[in-house]
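Here is the structure we will look at.
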Amino acid sequence: MSDAVSQVLLGSGLTVLSQPLMYVKVLVQVGYEPLPPTLGRNIFGRQVYQLPGLFAYAKHIMKIDGRAGLFKGLTPRLCSGAIGTIVHSKVLQHCQEDDQAEEVKRSSKESSLEKVIKETSQEMVARSAATLVTHPFHVITLRCMVQFIGRETKYSGVFSSFVTIYREEGIFGFFAGLIPRLLGDILSLWLCNMLAYLINTYALENGVSTMTEMKSYSQAVTGFFASMLTYPFVLVSNLMAINSCGLAGGLPPYAPEYSSWIDCWSRLHSEGNMSRGNSLFFRKVPAGKRYLWEEKKFH
């Protein structure tokens with residue numbers, strides 16, 4: 001129990017610190033560009049038009065809503081993190097206990113690959129359960145943030161937001177964007193663990209101290225690589241969570257209406273926007289797009 005409490009407290013602290021970054025990231029993912037491109041220099045020293053990065057974007061938000069404005073959506077996100085940590089811990093513990101009970105009956109020795117597959121499967125179940133339970137809070141978090149675009153106050157509190165979503169969209173409204181989010185999480189987890197296994201088993205030799213140290217970092221490296229590959233799922237999930245929800249940021253003419261997450265994926269792919277919001281630094285102006293000052297976006 002003490003471990004779960006410490007994890008919740010640590011996670012809550014990290015959530016508070018990262019909230020401004022996530023806020024800016026979500027607005028960029030939606031395609032909202034309140035500041036026009038400026039002439040700057042890229043890493044090679046060449047003059048190019050660039051979009052405002054994290055700090056310029058955050059400064060713009062503070063200019064309008066003050067420093068507290070950077071923390072919109074923090075309460076539902078904290079609820080999501082705390083509940084998700086507890087659910088993940090309990091489900092994973094239950095899976096491990098069941099596995100230990102079965103392990104007593106096994107006579108054959110388990111291979112390293114089988115162990116990785118077993119542990120990854122347990123982690124997948126735990127993560128999926130946590131995501132399923134906390135997704136309604138995730139939806140509310142995103143909608144609280146996107147209100148900045150139209151200056152709305154429709155989603156102002158956690159309880160009132162639950163009532164609003166249920167009244168307007170029914171039970172399914174709480175799970176908007178769930179499928180691509182689950183698929184992205186599962187794919188990222190398996191890519192990360194299997195790549196780490198292959199690197200540790202075949203690329204790094206055993207018995208060498210430097211190689212042993214490198215093995216400890218392989219999980220982090222493969223995790224970063226897997227998150228980059230599965231980023232489109234995150235983008236599509238977030239866009240579907242605010243799609244046609246009654247906010248300006250999720251309605252025409254600012255944003256198109258998507259019939260499904262597959263339709264959203266197809267349109268983003270055809271427009272070349274699958275990585276929108278993935279980087280908040282050195283942001284290039286989209287090729288062939290024109291900045292519309294009135295709508296604060298590219299077209």
Side-chain angles (χ1 to χ4, degrees), residues 1-26 29 54-55 58 61 67-97 99-100 116 119-145 157-159 161 177-178 181-182 184-193 195-196 213-228 230-231 233-234 237-238 241 277-281:
M1 185 65 182
S2 59
D3 288 341
V5 172
S6 62
Q7 286 178 4
V8 168
L9 292 175
L10 177 62
S12 298
L14 293 174
T15 296
V16 173
L17 291 174
S18 65
Q19 182 67 11
L21 188 148
M22 182 186 176
Y23 189 14
V24 172
K25 194 178 189 73
V26 168
Q29 286 177 337
L54 170 64
F55 299 111
I61 294 172
R67 291 185 180 180
L70 289 173
F71 296 91
K72 281 185 179 178
L74 178 60
T75 301
R77 191 176 172 216
L78 285 172
C79 292
S80 175
I83 296 171
T85 298
I86 294 171
V87 172
H88 177 275
S89 176
K90 294 296 182 183
V91 173
L92 186 60
Q93 182 182 1
H94 180 71
C95 290
Q96 290 172 344
E97 287 174 354
D99 183 68
Q100 286 174 357
V116 170
E119 291 176 351
T120 304
S121 298
Q122 293 172 348
E123 179 67 17
M124 179 185 68
V125 172
R127 283 197 195 182
S128 299
T131 298
L132 186 64
V133 171
T134 61
H135 194 73
F137 293 97
H138 180 69
V139 171
I140 293 171
T141 297
L142 295 174
R143 294 184 180 185
C144 286
M145 293 175 172
V158 177
F159 180 75
S161 296
L178 175 63
R181 188 183 178 199
L182 275 176
D185 283 349
I186 292 170
L187 186 58
S188 177
L189 174 64
W190 280 97
L191 276 173
C192 172
N193 287 3
L195 283 174
E213 290 177 7
M214 288 179 66
K215 283 186 178 183
S216 63
Y217 295 111
S218 63
Q219 196 81 14
V221 173
T222 55
F224 176 77
F225 180 69
S227 66
M228 291 286 288
T230 57
Y231 177 77
F233 289 96
V234 176
S237 173
N238 288 353
N278 193 21
S279 173
L280 297 180
F281 300 97

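Atom OG1 of T230 sits about 7.0 Å away from atom CG of L191, to the nearest 0.5 Å. Remark: Q7 CD to S89 OG distance equals 5.5 Å, nearest 0.5 Å. Within the model, atoms CG of D185 and CD of E123 stand 10.5 Å from one another, a figure rounded to the nearest 0.5 Å. For the atom pair L54 CG and K25 NZ, the distance stands at 9.5 Å (nearest 0.5 Å). Between the CZ atom in R77 and the OG1 atom in T134 there is a gap of 11.5 Å [rounded to 0.5 Å]. Taken to the nearest 0.5 Å, the CD atom of Q93 stands 12.0 Å off from the CD atom of Q122.
For the side chain to side chain contact (heavy atoms under 4.5 Å, CB included) test, residues two or more places apart in sequence or in another chain that qualify with I186 are M124, S128, W190. For A126, the side chain to side chain contact (heavy atoms under 4.5 Å, CB included) criterion is met by H88, V91, L92, not counting sequence neighbours.
When side chains are defined from C-beta on, V139 counts as touching R143, because their heavy atoms get closer than 4.5 Å. Side-chain contact between M22 and T15 is absent, with no heavy atoms from C-beta onward closer than 4.5 Å. Between L178 and H138 the shortest side-chain heavy-atom distance does not fall below 4.5 Å.
In terms of heavy atoms, L195 sits closest to F225 at CD1-CD2, 3.6 Å. Considering all non-hydrogen atoms of both residues, S188 and S227 come closest at OG-N, 4.0 Å. Contact record, V16 with P20: O-CD, 3.8 Å, taken as the closest heavy-atom pair. For the residue pair G73 and C144, the shortest heavy atom distance occurs at CA-CB, 3.8 Å. Here the closest heavy-atom approach between residue T85 and residue G81 is recorded as OG1-O, 2.8 Å. Closest of all the heavy-atom pairs between L21 and L280 is O-CD1, 3.9 Å.
The 12-atom threshold is exceeded at CZ of F281, counting heavy atoms of other residues, nucleotides or ligands nearer than 6.0 Å. Counting non-hydrogen atoms of other residues, nucleotides and ligands closer than 6.0 Å to CZ of F71 gives a total above 12. A 6.0 Å sphere centred on OH of Y231 holds more than 12 heavy atoms belonging to other residues, nucleotides or ligands.
Not one N or O on the side chain of S237 forms a donor-acceptor pair closer than 3.5 Å with the backbone of F233. Side-chain atoms of S80 do not come within 3.5 Å of backbone N or O of P76 as any donor-acceptor pair.
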